[in-house]
Amino acid sequence: MTLGLSLGVVVGYLVVALALGLVAYRVSETTAEDYYLASRSIGTLVLLFTTFATLLSAFTFFGGPNLAYRAGPEWLIVMGTLDGVLFAVLWYVIGYKQWLIGARNGYVTLGEMLGDRFGSTGLRALVAGVSLLWLFPYVMLQQMGAGEALVGLTNGAVPYWGGAALITAFMILYVAVAGLRGVAWTDTLQGLFMLSVVWLAAAWVVSALGGVGAATEGMLAARPEFGGFGGGTYTPGFIISTAITIAFGVTMFPQINQRFFVAKSAATLKRSFALWPVLVLLLFVPAFMLGAWAAGTPLTVPENANVLPVVLNEYAPTWLAAVVVAGAMAAMMSSSDSMLLSGSSYFTRDLYRPLIDAEASERREAWIARIGVGAFAALAFVASLFRPGTLIEVGGTAFSGFALLALPVICALYWPRTTRTGMIAGVAVPQAIYLAVVLSAVVGAVPTLPRTVAGGWDVALGLMVLSGALTVGVSLVTAPSEESDASRFAVAGD
Amino acid sequence: MTRSRSDLVWIPTFAILVAFAVPWPLWGVDRVVAGLPVWIWWHVAWLGLCAALFALFVRSGAWERGMGQRPTAGAAGTAEEITDQAAAEAADREVERR
């Protein structure tokens, strides 16, 4: 009975999403611009939610509450600051500028934009390659998360590989059929779904605990240190470097960065910008406080389990627990869909077309993209089966890997004196160093390099500074190449 | 260019909005107000303030002026218009070159 109900909720969701994708397919054209950017026709609500849903993977539903449960509710502050405020400012500084440039010159990807500006196929391929590198573990983590979620939901009746394979197959089918229009539509559905579900869950649990005041009292009785701001994990170094690296990294995530090209009008971007802090708060407060309040309950959360389902199993009815898991799977699916779609466009536009077959027709490109999605997802799936253990850390590292792209890109957007050599140095050197730091933790033969220094400061933050300094410094001592054209990024109307 | 000097005030404003979204002045404070630690209320109120000031930034036209654009009313400034405008400018340049 319980198994049937749980599976019914999840399968019901998948069917609705597929139906939406098919409708989107009926109204779409077969060009690359429509497949990836829905012909730059995305409106406010859809843009807002498609960015929202892709930004928030299983990390919000499981990772966030887990951290709040173990280390305290300060995670709400870190995520709220980076997502609600810093990302919003970057939405304007990077996003609006990219929208203006993209609409003028018809760009679809970040690499394409930079490659055209600096007249460099090498830079274009470098940016695409770096992005795909950090995207791979992140897609894999979503598959692992989905596999685990189905194991948990069905008590092992669906094995880990079966769950991950089912989700992978569904994602490939879905993305191949629908393109961005379909992904954006289901993201809106998923975003609204997540918001409603998390508030329903919070209301249910809080009323079972005797109200907000009682829940907080219980939390403070069990963990008095949760009441004071800061302390423990939350050093100033941790708060600042986490907020900065994730916020800048998010803007360079392919699925987020490509959103900067899709808005129908500037009014769409403006409205999304002003609504953003409120939307972020609406999701984070109930999700993370549930995790923190759980610390005051007599529940014991097993070592590798997620706190949210444990709390819901205790204080809420079965159907609600199933709905929350479906919501978490929705989050993982929408992240994966968008990542696969954007990853495939980076592959076709920035690697396949310029390096392999420049004459490919748009129709052919659209099919190469679909094949690319299948191959990337299948590889990530295989990897998720072989090495599930160490990849969580590598996945978290992805944010910082992307963050290292942000300052060179901002330089290129705003400083006409930036040169191709400056860009390549600013991108390649910090990436190489960071990759060495990351790999040193995976490869046993070499000593592990430190990831944080002096009380929680992330080395990636230092490398971000290096990336900016190299871009500016090398640009100053080199001359612009003949192929580069700073006027490509000029947006002033008069 | 219609960038105005008073728009520059938005730069420190954004810096302050980002910096104090983290309730630094309440570091270590553990008072509970209306069921939640007081620093959580600071954060909630601060993000509300951010939303209000972001809306003001947009409505005042500083959004466009900051990028050297002319403030547009209503649905103007669509991707299509920008594309058309860029095409027209390219055609002008072509004519000048001849």
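Below, read A as the first sequence line, B as the second, and so on, with proteins coming before strands; counting in each chain starts at 1.
- Ring pair Phe57(B)/Tyr92(A) is perpendicular by interplanar angle, where above 60° counts as perpendicular and below 30° as parallel.
- Annotation for Trp41(B): atom CH2 does not count as buried by contact number, only 12 or fewer foreign heavy atoms lying within 6.0 Å.
- Between Tyr96(A) and Trp63(B), the distance from one ring center to the other falls under 6.0 angstrom.
- For Ala215(A), the side chain to side chain contact (heavy atoms under 4.5 Å, CB included) criterion is met by Leu209(A), Trp293(A), not counting sequence neighbours.
- Once rounded to the nearest 0.5 Å, the distance linking CZ of Phe284(A) with CG of Leu47(B) reads 10.0 Å.
- Residues satisfying the salt bridge (Lys or Arg N to Asp or Glu O under 4.0 Å) criterion with Glu74(A), sequence neighbours excluded, are absent altogether.
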Donor-acceptor pairs under 3.5 Å, side chain of residues 11-39 of chain B to any protein atom, not counting sequence neighbours: which ones?
residue	atom	partner	partner atom	Å
Thr13(B)	OG1	Val9(B)	O	2.6
Trp24(B)	NE1	Ala19(B)	O	3.1
Trp39(B)	NE1	Gly227(A)	O	2.7

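- The minimum heavy-atom distance linking Ala274(A) with Phe54(B) is given by the pair CA-CB, 4.0 Å.
- Here NE2 of His43(B) is found 6.0 Å from CG of Leu281(A). Values are rounded to the nearest 0.5 Å.
- Highest contact tally toward chain B, considering only Val212(A), Ile77(A), Leu86(A), is held by Ile77(A) [criterion: heavy-atom pairs under 4.5 Å].
- Here the CG-CE distance, from Leu100(A) to Met67(B), works out to 7.0 Å after rounding to the nearest 0.5 Å.
- In terms of heavy-atom pairs under 4.5 Å with chain A, the best-connected choice from Ala51(B), Ala55(B), Gly48(B) is Ala51(B).
- For a residue to count as touching a neighbouring chain, one of its non-hydrogen atoms must lie under 4.5 Å from one of that chain's; by this rule Tyr414(A) touches chain B with the side chain only.
- Residues of residues 228-241 of chain A lying within less than 4.5 angstrom of chain B, judged on heavy atoms, are Gly228(A), Phe229(A), Gly230(A), Gly231(A), Tyr234(A), Thr235(A), Pro236(A), Ile239(A), Ile240(A) in numerical order.
- In this structure, chain B has a heavy atom under 4.5 Å from the backbone of Val93(A), while its side chain stays farther away.
- Annotation: maximal heavy-atom pairing with chain B below 4.5 Å, among Gly213(A), Ala88(A), Pro73(A), occurs at Pro73(A).
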